[in-house]
Amino acid sequence: MTRFSAAAEGVAKRLRDGMAGGVLSFPLTSFREDGGLDLEAYRAYLSAQLDSAPGAVFPACGTGEFFSLDEDEYRAVVGATVEIADGRLPVVAGIGYGWAQSLRFARIAEEAGADAALVLPHYLVAAPQDGLVEQLRRIASATSLPLIAYQRGQVAFTADSLRRIAEIPTVIGLKDGHSDLDRLQRLTLAAPDGFLFFNGASTAEIQARAYATVGVPAYSSAVHAFAPEIANAFFAALRDDDAAVTKLLRDFYVPLVELRDQVPGYAVSLVKAAARLRGLPVGPVRAPLTDPGPEELDALARVLDDGLKVVGAVRRSD
């Protein structure tokens with residue numbers, strides 16, 4: 001039995017239903033060439049994203065460059081997402097840094113109408129398990145939003161800590177970015193029934209089959225941010241077409257990851273560049289990230305075209 005509050009259980013159920021039927025969308029945040037937020041472009045981009053039926057939408061998270069948004073921009077992005085989603089699917093907003101700043105963002109997200117919050121790894125310092133648990137307790141004590149913890153970088157929960165955070169009535173799940181399947185299996189076995197787990201590895205499709213073997217079939221998809229046709233085809237193939245999964249991995253996902261791994265930050269920069277190649281109004285990345293150069297863009301275009309060809313789509317429709 002889970003220990004969720006009634007409201008948190010409702011959100012958990014919506015997420016559970018959504019992730020059974022589609023990938024989890026982590027949209028890009030649109031910026032102008034001068035670096036300013038382009039909210040109207042974001043609204044147009046997000047509307048097209050949601051038309052491709054993701055299971056849930058996670059605005060202002062890692063792919064959405066949460067780390068470079070100020071509070072007013074964050075409020076605008078989350079508010080626009082809630083408005084455009086219009087109750088069709090859960091909206092889970094990113095919050096982060098330390099617990100005090102996480103609470104500032106949580107309050108904004110709550111006021112904007114978000115359904116839940118993804119607690120991104122805290123800033124800079126390593127911390128003991130007691131501190132990781134206490135941070136979630138402090139955040140949970142000051143917001144009514146259901147929370148999903150995100151372990152990545154310096155945040156990695158033990159099985160005992162997982163049991164402790166699962167006792168917090170509004171902590172409904174864990175997103176994993178470590179890809180340590182031994183540790184993850186221990187966590188899933190330690191969790192109460194109904195606790196949610198998400199594959200949050202970079203380009204999560206690469207490890208989707210492996211994550212599923214330890215009971216974590218749901219995953220976030222950065223590819224959905226620029227090629228929902230590919231992301232949705234891969235999600236469908238995971239169910240009953242192993243040959244199609246292998247072909248997409250070989251012809252598209254592995255070459256994309258090999259290109260991504262060449263430069264730090266390209267997990268976001270290449271996603272945005274691919275979206276621009278498709279005519280989507282997302283603009284450049286903000287510093288300290290950098291946009292890819294001409295040679296990398298040419299390589300990215302070839303990888304993108306190969307992936308679209310596999311699923312019978314084209315890069316641009318105009």
Side-chain angles (χ1 to χ4, degrees), residues 1-5 8-9 11-13 15-20 23-24 26 55-56 58 61-62 92 94-96 99 102 116-141 146-222 235 238-239 245 249 257 267:
M1 294 292 292
T2 62
R3 299 177 175 87
F4 299 158
S5 67
E9 176 56 41
V11 174
K13 182 181 185 306
L15 281 167
R16 197 176 296 117
D17 292 344
M19 65 195 198
V23 299
L24 305 177
F26 283 68
F58 290 66
C61 293
V92 184
I95 62 174
W99 67 264
S102 292
L118 177 66
V119 184
L120 302 170
H122 64 266
Y123 171 68
L124 190 62
V125 297
Q129 292 294 308
D130 286 349
L132 298 179
V133 173
E134 181 61 21
Q135 170 147 287
L136 280 173
R137 283 180 176 154
R138 285 180 176 265
I139 296 170
S141 70
L147 304 175
I148 299 167
Y150 189 3
Q151 62 169 20
R152 192 185 190 95
Q154 67 268 37
V155 177
F157 292 99
T158 63
D160 179 65
S161 294
L162 190 282
R163 293 186 190 97
R164 292 160 67 192
I165 67 172
E167 291 176 350
I168 303 170
T170 55
V171 175
I172 62 174
L174 177 76
K175 182 181 179 186
D176 174 72
H178 284 295
S179 304
D180 181 340
L181 297 184
D182 179 279
R183 173 188 288 266
L184 186 58
Q185 181 70 90
R186 296 168 191 264
L187 297 181
T188 61
L189 293 173
D193 291 344
F195 196 80
L196 305 177
F197 285 91
F198 308 87
N199 167 3
S202 296
T203 316
E205 288 92 340
I206 286 283
Q207 300 185 60
R209 289 190 289 198
Y211 269 80
T213 65
V214 295
V216 184
Y219 60 91
S220 57
S221 176
F235 182 86
L238 276 174
R239 299 185 177 190
V245 169
L249 288 173
V257 167

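Note that the structure is a prediction, hence the values are computed from the model and not measured. The figures that follow rest on heavy atoms only: side chains count, while hydrogens, waters and symmetry mates do not.
Looking at every heavy atom in both residues, F195 comes nearest to V171 through CE1-O, 3.6 Å. Residues A208 and L238 share a closest heavy-atom pair of CB-CD1, 3.9 Å. Contact between A218 and M19 at its shortest, heavy atoms only, is CB-SD, 3.6 Å. Considering every non-hydrogen atom in both S221 and V23, the closest pair reads CB-CB, 4.0 Å. What you find for T158 and R183 is that their closest heavy atoms are N-NH1, 3.9 Å. Across all their heavy atoms, C61 and L120 have their closest contact at CA-CD1, 4.5 Å.
Here the side chain of Q151 pairs no donor or acceptor atom with the backbone of D176 at under 3.5 angstrom. Under the 3.5 Å distance criterion, the side-chain polar atoms of S102 are matched with a main-chain donor or acceptor of G96. Counting only distance, with no hydrogens or angles, the side chain of H178 and the backbone of V155 share a donor-acceptor pair below 3.5 Å. Proximity of a side-chain donor or acceptor of T203 to a complementary backbone N or O of I206 within less than 3.5 Å is not detected.
A cation-pi arrangement is present between K175 and Y150, with the terminal nitrogen or guanidinium carbon under 6.0 Å from the aromatic centre and inside a 45° cone about the axis.
How far CD of Q207 is from OG1 of T213: 10.5 Å, rounded to the nearest 0.5 Å. Taking NE2 from H122 and CD from Q154, the interatomic distance works out to 4.5 Å, rounded to the nearest 0.5 Å. Separating the CD1 atom in I148 from the CG atom in L15 is a distance of 5.5 Å, to the nearest 0.5 Å. To the nearest 0.5 Å, atoms CZ (F58) and OG (S220) are separated by 8.0 Å. Rounding to the nearest 0.5 Å places CG of L162 at 9.0 Å from CG of L184.
Under 3.5 Å, the side chains of S179 and R152 contain no donor-acceptor pair of N or O atoms.
For the pair L189/L187, no side-chain contact is recorded, criterion being any heavy-atom separation below 4.5 Å from C-beta on. Using a 4.5 Å heavy-atom cutoff, the side chains of I172 and L147 are not in contact. For the pair L24/Y219, no side-chain contact is recorded, criterion being any heavy-atom separation below 4.5 Å from C-beta on.
For F235, there are no ring pair (Phe, Tyr, Trp, His ring centres under 6.0 Å) partners, not counting sequence neighbours.
The pair R16-E9 counts as a salt bridge, with a side-chain nitrogen and a carboxylate oxygen less than 4.0 angstrom apart. Using a 4.0 Å cut-off between a side-chain N of Lys or Arg and a carboxylate O of Asp or Glu, R138 and E134 qualify as a salt bridge. Under 4.0 Å is where a charged nitrogen must lie from a carboxylate oxygen, and between R186 and D180 no such pair does.
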Handout entry: side chain to side chain contact (heavy atoms under 4.5 Å, CB included) between L196 and L174, worked out
Key = CA-CA 6 Å; L196 305 177; L174 177 76; over 6 Å; no
Practice task
List the steps, then state whether side chain to side chain contact (heavy atoms under 4.5 Å, CB included) holds for Q129 with D160.
Solution key: CA-CA 9 Å; Q129 292 294 308; D160 179 65; over 6 Å; no
Exercise for the section: Walk me through it: do V245 and L249 pass the test side chain to side chain contact (heavy atoms under 4.5 Å, CB included)? Expected result: CA-CA 6 Å; V245 169; L249 288 173; 3.9 Å; yes
Exercise for the section: Test I139 against I95 for side chain to side chain contact (heavy atoms under 4.5 Å, CB included), laying out the working first. Expected result: CA-CA 10 Å; I139 296 170; I95 62 174; 4.1 Å; yes
